> 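Structure incoming, see below.
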Amino acid sequence: MTCLPQSFYARDALEVARDLLGKHLVAGPIVLRISEVEAYRWPNDTASHCRMGRTARNAPMWGPAGHAYVYLCYGIHRMLNVVTNQQGEGAAVLIRACEPVAGLAEIEERRGGVKGPAMLTGPGKVGSALALTLDQSGAPLFGGAPLELHDAPTVKQLIAGPRIGIDFASAPDRRAPYRLAIAESPWVSHRRGLEPAG
DNA sequence: TCTACGATCTTT
DNA sequence: AAGATCGTAGAT
């Protein structure tokens with residue numbers, strides 16, 4: 001298993017999002033296959049955390065690609081994003097759902113005994129399974145890091161639809177099909193609104 | 001400081 | 001349909 005190089009991430013978030021489907025998140029004994037993502041693009045994406053400019057929280061989104069952006073949502077959930085684009089551009093891909101590949105027992109334990117797709121379909125659940133902490137925000141995802149992204153076969157059949165939980169965004173950004181998932185996978189949250197895509 | 005509000009999940 | 005729960009961000 002080879003680690004994805006930093007150059008993989010230094011592209012438009014939507015391209016990286018598509019290519020992240022099927023790739024592996026590796027954290028110690030746990031390996032997760034990415035099955036659903038959302039792109040938060042640069043520039044002019046009113047759904048993005050970067051819509052208001054640079055802040056202490058979103059600083060990693062403006063930094064070098066291939067690093068993590070972790071933030072706390074609703075006071076409870078830790079969300080994992082992968083930083084994309086060039087340095088100085090605020091963009092990232094949110095990891096929304098995964099399929100377990102290894103470390104099933106550890107994942108189940110961290111998820112409170114939940115099994116099946118309910119275990120990993122939703123960004124908060126992925127964060128919980130990986131035991132993410134806020135101090136991991138800004139950490140690289142390559143070069144022997146505790147959390148890494150490894151290469152795996154590219155996914156051909158995918159489905160796309162509007163992003164979840166961004167009602168505050170402009171109408172075009174609300175409608176934009178920036179949520180991508182593996183077509184045949186049961187490890188996908190909110191199947192409604194997703195349609196076959198290139 | 002103060003206040004409002006989330007890129008959600010669970011239970012009712 | 002609504003509560004949990006707290007760090008951010010923007011306003012004061």
Side-chain angles (χ1 to χ4, degrees), chain A residues 9 12-14 16-18 20-21 25 32 34-63 65 67-85 89-100 107-139 141 147 159-181 186-194:
Chain A
Y9 308 97
D12 179 272
L14 190 56
V16 177
R18 179 193 63 214
L20 275 174
L21 292 173
L25 273 166
L32 306 180
I34 298 173
S35 50
E36 181 186 347
V37 295
E38 278 178 0
Y40 289 87
R41 302 176 76 185
W42 175 264
N44 303 324
D45 186 347
T46 61
S48 171
H49 280 180
C50 293
R51 64 189 178 278
M52 299 165 292
R54 187 184 180 120
T55 66
R57 176 177 67 158
N58 70 26
M61 285 184 74
W62 304 86
H67 290 233
Y69 166 48
V70 180
Y71 73 94
L72 183 68
C73 189
Y74 292 94
I76 303 171
H77 305 105
R78 283 146 186 97
M79 314 281 240
L80 175 62
N81 296 256
V82 175
V83 176
T84 65
N85 291 64
E89 302 177 344
V93 174
L94 171 67
I95 309 300
R96 283 197 58 87
C98 294
E99 168 187 345
I107 297 168
E108 274 181 21
E109 183 175 355
R110 289 177 180 180
R111 292 286 302 110
V114 177
K115 302 176 199 239
M119 174 167 61
L120 282 172
T121 51
K125 299 173 180 180
V126 173
S128 167
L130 292 171
L132 286 183
T133 57
L134 293 184
D135 60 10
Q136 291 180 65
S137 195
L141 297 168
L147 178 60
I159 49 184
R163 292 169 290 184
I164 298 293
I166 54 155
D167 290 348
F168 52 81
S170 73
D173 288 337
R174 276 200 305 265
R175 283 193 295 265
Y178 295 165
R179 183 160 70 105
L180 309 176
W187 302 87
V188 175
S189 71
H190 300 273
R191 275 214 97 94
R192 188 157 67 203
L194 293 173

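Reminder, nothing fancy here: chain letters follow the sequence lines and each chain counts from 1. Both backbone and side-chain heavy atoms feed into the values below; hydrogens, waters and symmetry mates do not. Note that the structure is a prediction, hence the values are computed from the model and not measured.
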> What I'd like to find out is whether the side chain of His190(A) reaches to under 4.5 Å of the side chain of Arg179(A), using heavy atoms alone.
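His190(A) reaches Arg179(A) side chain to side chain.
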
> Measure from CG on Leu72(A) to C1' on dC9(B) and round the result to the nearest Å.
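Going from Leu72(A) (CG) to dC9(B) (C1'), I get 13 Å.
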
> Should dA7(B) form a Watson-Crick or G-U wobble pair with both distances under 3.5 Å, which nucleotide is its partner?
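Pair assignment: dA7(B) / none.
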
> When you measure from the centre of the six-membered ring of Tyr178(A), is the NZ or CZ of Arg163(A) closer than 6.0 Å and no more than 45° off the axis?
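Checked: cation-pi criterion not met.
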
> Output yes when Arg51(A) and Asp173(A) qualify as a salt bridge under the 4.0 Å nitrogen-oxygen rule, no when they do not.
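Here Arg51(A) does not pair with Asp173(A) in a salt bridge, since their nearest N and O are not under 4.0 Å apart.
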
> Starting from C1' on dT11(B), measure out to OH on Tyr74(A) and report it in whole angstrom.
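Atom-to-atom, Tyr74(A) to dT11(B), this comes out as 17 Å.
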
> Is any side-chain nitrogen or oxygen of Arg111(A) closer than 4.0 Å to OP1 or OP2 of dT10(B)?
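The answer is yes; a side-chain N or O of Arg111(A) sits under 4.0 Å from OP1 or OP2.
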
> Quick one: Met119(A) CE to dC9(B) P, roughly how many Å, whole number?
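After rounding, the reported distance stands at 14 Å.
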
> Under 4.0 Å between a side-chain N/O of His49(A) and OP1 or OP2 of dA7(B), yes or no?
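His49(A) to dA7(B) OP1/OP2: side-chain N or O found under 4.0 Å.
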
> Using a 3.5 Å distance criterion without hydrogens, assess whether the side chain of Ser170(A) forms a donor-acceptor pair with backbone atoms of Thr46(A).
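Not confirmed, Ser170(A) side chain does not pair with Thr46(A) backbone.
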
> Does dA7(B) have its OP1 or OP2 closer than 4.0 Å to a side-chain nitrogen or oxygen of Arg179(A)?
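Checking Arg179(A) against dA7(B): no side-chain N or O falls below 4.0 Å of OP1 or OP2.
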
> Does Leu80(A) reach the side chain of Gln136(A), with side-chain heavy atoms less than 4.5 Å apart?
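No, their side chains stay 4.5 Å or more apart.
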
> In whole Å, I'd like the distance from the CZ atom of Arg163(A) to the C1' atom of dA7(B).
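Answer to the nearest Å: 9 Å.
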
> Can you tell me the distance, in whole Å, between the OH atom of Tyr69(A) and the P atom of dA7(B)?
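Those two atoms, OH and P, are 9 Å apart.
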
> Choose from dG7(C), dA4(C), dA7(B) the nucleotide whose nearest atom is closest to any side-chain atom of Ile76(A).
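My answer, after comparing the listed nucleotides, is dA4(C).
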
> Contact list please: residues 165-178 of chain A against DNA chain B, heavy atoms, distance less than 4.0 Å, in numerical order.
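Nucleic-acid contacts, sorted: Gly165(A), Ile166(A), Phe168(A).
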
> Could you state the CE-C1' distance from Met52(A) to dC5(B), rounded to the nearest angstrom?
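Spelled out: CE on Met52(A) to C1' on dC5(B) is 11 Å.
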
> Please determine, for the side chain of Lys125(A), which listed nucleotide (dA7(B), dT8(B), dC9(B)) has the closest atom?
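The answer is dC9(B), which lies nearest to the side chain.
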
> Could you tell me how far dC5(B) sits from dA2(C) if I compare only their C1' atoms? Round to whole Å.
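Those two atoms are separated by 16 Å.
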
> Please tell me if Arg57(A) has a side-chain N or O lying less than 4.0 Å from either OP1 or OP2 of dA9(C).
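Checking Arg57(A) against dA9(C): at least one side-chain N or O falls below 4.0 Å of OP1 or OP2.
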
> So, is Thr55(A) near the phosphate of dT8(C), with a side-chain N or O under 4.0 Å from OP1 or OP2?
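No, because none of the side-chain N or O atoms of Thr55(A) sits under 4.0 Å from OP1 or OP2 of dT8(C).
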
> Would you check if the side chain of Lys115(A) reaches a backbone N or O of Glu108(A) as a donor-acceptor pair within less than 3.5 Å?
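Between the backbone of Glu108(A) and the side chain of Lys115(A) there is no qualifying donor-acceptor contact (under 3.5 Å).
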
> Can you check whether Ser48(A) reaches Met61(A) side chain to side chain, under 4.5 Å on heavy atoms?
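A side-chain contact exists here, since the closest heavy-atom pair is under 4.5 Å.
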
> Counting only Watson-Crick or G-U wobble pairs whose two distances fall under 3.5 Å, which nucleotide matches dT12(C)?
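For dT12(C), the partner nucleotide comes out as none, under the 3.5 Å rule.
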
> May I have the distance from Glu36(A) (atom CD) to dA7(B) (atom P), rounded to whole angstrom?
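From Glu36(A) CD to dA7(B) P: 16 Å.
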
> Which nucleotide, if any, forms a Watson-Crick or G-U wobble pair with dT5(C), using both distances under 3.5 Å?
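Partner of dT5(C): none found under 3.5 Å.
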
> Could you tell me whether the side chain of Glu36(A) reaches within less than 4.5 Å of the side chain of Thr121(A), counting heavy atoms only?
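No - every pair of side-chain heavy atoms lies 4.5 Å or more apart.
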
> If you check every side-chain atom of Leu134(A), which of dC9(B), dT8(C), dA7(B) has the closest atom?
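Comparing dC9(B), dT8(C), dA7(B) against the side chain of Leu134(A), the answer is dT8(C).
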
> Using whole Å, report how far NE2 of His77(A) lies from P of dA7(B).
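Answer to the nearest Å: 13 Å.
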
